[in-house]
Colleague: 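Quick one: this structure, given as structure tokens, is what I'll be asking you about.
Labels below follow one simple rule: chain letters A, B, ... track the order of the sequence lines, proteins then strands, and each chain is numbered from 1. For the numbers below, each heavy atom of this structure counts, side chains included, while hydrogens, waters and symmetry mates do not.
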Number of protein chains: 2
Amino acid sequence: MTEPGPPALLRTLVSWQTGRVSTLGARLTAARMPLEARSDFAVLAALQEYGELSQAELGRRLGLDRNNVNGIVTRLENNGHVERRVDPADRRRNIVDATDAGLRYLDDLNARALDVQDELLIALDPGERQQLQALLEKVLASHPAQPA
Amino acid sequence: MTEPGPPALLRTLVSWQTGRVSTLGARLTAARMPLEARSDFAVLAALQEYGELSQAELGRRLGLDRNNVNGIVTRLENNGHVERRVDPADRRRNIVDATDAGLRYLDDLNARALDVQDELLIALDPGERQQLQALLEKVLASHPAQPA
DNA sequence: TCAGATACGTTGGTTCCACCAACATTGGTA
DNA sequence: TACCAATGTTGGTGGAACCAACGTATCTGA
């Protein structure tokens with residue numbers, strides 16, 4: 001029987017592998033929530049951990065560029081998950097802060113994200129999951145998160 | 001000074017990490033070749049390793065759906081990297097095969113892909129790279145490559 | 001045998017995301 | 001003061017994963 005696996009040139013290419021795993025994650029995510037919720041999750045997680053931030057700073061911390069941050073924040077604002085106001089100390093900036101509803105929304109999204117994670121990594125034992133996460137973190141830490 | 005790192009909720013989420021690493025890989029790739037070459041690379045790698053395949057089988061082995069395979073094969077055909085003919089044994093199928101020029105193109109793309117890989121994984125020693133690759137492979141192997 | 005289900009390729013369209021370009025406003029600096 | 005940099009905003013491009021529908025060809029089972 002023909003093994004329908006990917007060719008070796010791809011199987012050994014981390015940049016290809018991560019793309020596939022990421023797509024798998026998106027697919028599992030889509031089964032539980034609208035796909036756009038992933039951006040919401042990232043922004044709300046940053047606001048929860050760091051408190052209020054400007055849009056540009058959100059972009060820098062999350063690796064998103066400021067064009068996209070704008071759209072995400074607008075969506076969150078329309079849904080009451082976030083408040084946006086001009087920074088009186090620097091009127092170029094918009095200060096973004098999570099609302100209570102936003103934090104509840106975050107908790108919900110986080111629970112679903114952990115479910116996805118479990119399903120995605122079903123083949124790995126806890127030690128391997130920890131290893132994988134640490135290696136990916138190391139890779140990311142070595143590259144500046146460029147966009148602003 | 002404020003550490004501009006991503007929040008812990010994301011840093012520990014493999015599905016988010018892989019997305020970021022994949023984006024980094026795409027960025028490094030884009031610096032060396034047109035982005036669309038990544039699809040070309042995948043298809044040509046499969047043809048080199050397995051020989052001629054139908055479009056549907058290409059999709060199954062690579063995890064692409066047949067709509068996108070069609071576009072990629074058309075592009076490769078227009079550039080003389082691939083030949084496409086109807087399977088006489090099953091006239092529903094198109095048999096796709098790499099040309100000599102296509103295989104040379106593949107070698108070129110592969111060399112660049114390995115350069116990208118080196119730059120992407122600069123923070124990992126050879127043992128860690130091997131570990132990361134093996135863990136990702138294990139994750140992928142546990143999930144059926146769905147599209148056709 | 002033949003009628004229905006299935007597989008394949010193709011076209012056309014949607015959504016998400018990364019990215020680029022340009023602009024007005026505001027703040028910092030030489 | 002004159003210049004430059006940062007910010008938010010709008011509008012647009014391209015890649016990739018999807019979904020829907022269609023015609024053609026093959027297979028299956030009644």
Colleague: Give a yes or no on whether a donor-acceptor pair under 3.5 Å exists between the nucleobase atoms of D/dA17, that is its base, and the side chain of B/Asn68.
Modeller: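 Yes, the side chain and the base share a sub-3.5 Å donor-acceptor pair.
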Colleague: Return the value, rounded to whole Å, for the distance between atom CG of B/Asn94 and atom P of D/dT24.
Modeller: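 Rounded to the whole Å, the gap is 15 Å.
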Colleague: Going by the side-chain contact (heavy atoms from CB on, under 4.5 Å) test, name the single residue among B/Gln133, B/Gln17, B/Gln131, B/Arg129 that passes it with A/Leu135.
Modeller: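 By the side-chain contact (heavy atoms from CB on, under 4.5 Å) criterion, A/Leu135 pairs with just one of B/Gln133, B/Gln17, B/Gln131, B/Arg129: B/Gln131.
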Colleague: Donor-acceptor pair, distance only, cut-off 3.5 Å: does the side chain of A/His143 make one with the backbone of B/Leu120?
Modeller: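 Yes, A/His143 side chain to B/Leu120 backbone: donor-acceptor pair under 3.5 Å.
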Colleague: Among D/dG8, D/dA25, C/dT11, which nucleotide sits nearest the side chain of A/Ala56?
Modeller: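 My answer, after comparing the listed nucleotides, is D/dG8.
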Colleague: Without decimals, in angstroms, what is the distance between A/Glu36 CD and C/dT14 P?
Modeller: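 Value for this atom pair: 17 Å.
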Colleague: Look at all strands and tell whether B/Asn70 reaches a base, only sugar-phosphate, or nothing, counting heavy atoms closer than 4.0 Å.
Modeller: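 Since a base atom lies under 4.0 Å of B/Asn70, the category is base.
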Colleague: How long is the line joining CG of A/Leu62 and P of C/dC19, in whole Å?
Modeller: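 Going from CG in A/Leu62 over to P in C/dC19 covers 14 Å.
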Colleague: Please list, in numerical order, the residues of residues 107-115 of chain B that have a heavy atom closer than 4.0 Å to any atom of DNA chain C.
Modeller: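 None, since no heavy atom is under 4.0 Å.
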Colleague: Roughly, in whole Å, what's the span from CD1 in A/Ile95 to P in D/dG8?
Modeller: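 Between P of D/dG8 and CD1 of A/Ile95: 10 Å.
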Colleague: State, without any angle test, whether A/Arg84 and A/Thr74 hold a side-chain donor-acceptor pair at a distance under 3.5 Å.
Modeller: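 There is such a pair (donor and acceptor under 3.5 Å, judged by atom type) between the side chains of A/Arg84 and A/Thr74.
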Colleague: On DNA chain C, nearest-nucleotide positions of B/Arg93 versus A/Ala89: which is more 5'?
Modeller: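 Looking at the nearest nucleotide for each, B/Arg93 comes out on the 5' side.
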Colleague: When you get a sec, tell me which of D/dT7, D/dG15, C/dA18 is the closest nucleotide to the side chain of A/Arg60?
Modeller: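 Nearest to the side-chain atoms of A/Arg60, counting from C-beta on, is D/dT7.
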Colleague: Given atom CZ of B/Arg92 and atom C1' of D/dG23, what is their separation to the nearest angstrom?
Modeller: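 One finds 13 Å between C1' of D/dG23 and CZ of B/Arg92, rounded.
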Colleague: Provide, to the nearest angstrom, the distance between the CZ atom belonging to A/Arg75 and the C1' atom belonging to C/dC17.
Modeller: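 These atoms are roughly 11 Å apart.
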Colleague: Tell me whether the OP1 or OP2 atom of D/dA16 has a side-chain N or O from B/Ser39 closer than 4.0 Å.
Modeller: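 For D/dA16, OP1/OP2 do have a side-chain N/O of B/Ser39 under 4.0 Å.
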Colleague: Looking only at side-chain N and O atoms, does A/Arg84 come under 4.0 Å of OP1 or OP2 in D/dT9?
Modeller: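 Yes, because at least one side-chain N or O of A/Arg84 sits under 4.0 Å from OP1 or OP2 of D/dT9.
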Colleague: Does A/Arg85 use its side chain to pair, donor to acceptor, with the backbone of A/Ile95 at less than 3.5 Å?
Modeller: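 Here the side-chain-to-backbone pair does not exist.
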Colleague: Considering heavy-atom distances to DNA chain C, does A/Pro88 or B/Ala26 have its closest nucleotide positioned more toward the 5' end?
Modeller: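 Looking at DNA chain C, the more 5' nearest nucleotide goes with B/Ala26.
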Colleague: Got B/Asn94 and B/Asn70 here, is their nearest side-chain heavy-atom distance under 4.5 Å?
Modeller: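 In short, these two side chains do not touch, never coming nearer than 4.5 Å.
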Colleague: Nearest-Å distance, CZ (A/Arg66) to P (C/dC23)?
Modeller: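 My rounded result for the distance is 14 Å.
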Colleague: Of all the choices, C/dC17, D/dA16, C/dA18, which nucleotide is nearest to the side chain of A/Leu64 once you look at every atom?
Modeller: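 Closest of the options to the side chain of A/Leu64: C/dA18.
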Colleague: Look at the side chain of B/Arg38 and decide which nucleotide, out of D/dA6, D/dA16, C/dC17, has an atom nearest to it.
Modeller: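 Looking only at heavy atoms from C-beta outward on B/Arg38, the closest nucleotide is D/dA16.
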Colleague: Grab the CD-C1' distance between B/Glu77 and C/dT10 for me, whole Å please.
Modeller: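 Going from B/Glu77 (CD) to C/dT10 (C1'), I get 13 Å.
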Colleague: Check if the side chain of B/Asp65 and the base of D/dA17 share a donor-acceptor pair of N or O atoms closer than 3.5 Å.
Modeller: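 Answer no: no donor N or O sits under 3.5 Å from an acceptor.
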Colleague: Strictly distance-based, threshold 3.5 Å: is any side-chain N or O of A/Glu128 a donor or acceptor partner for the main-chain N or O of A/Asp125?
Modeller: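 Looks like yes, one N/O pair under 3.5 Å.
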Colleague: Does A/Glu83 reach the main-chain N or O of A/Thr99 with its side chain, forming a donor-acceptor pair under 3.5 Å?
Modeller: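 Side chain of A/Glu83 to backbone of A/Thr99, a donor-acceptor pair under 3.5 Å: no, none is there.
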Colleague: Answer yes or no: does a side-chain N or O of B/Gln55 lie under 4.0 Å from OP1 or OP2 of C/dA7?
Modeller: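 It does not, given that no N or O in the side chain of B/Gln55 lies less than 4.0 Å from OP1 or OP2 of C/dA7.
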Colleague: So does B/Asn67 reach the base of D/dA16 with its side chain, donor to acceptor, closer than 3.5 Å?
Modeller: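 Between D/dA16 and B/Asn67, which were checked side chain against base, a qualifying N/O pair under 3.5 Å is absent.
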Colleague: Which residue lies toward the 5' end of DNA chain D, B/Ala37 or B/Asp87, if each is placed at its nearest nucleotide?
Modeller: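 Result of the comparison: B/Ala37.
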Colleague: Quiz question: by atom type and distance under 3.5 Å, do the side chains of B/Arg93 and B/Gln55 form a donor-acceptor pair?
Modeller: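 No pair is found: no donor N or O on one side chain lies under 3.5 Å from an acceptor on the other.
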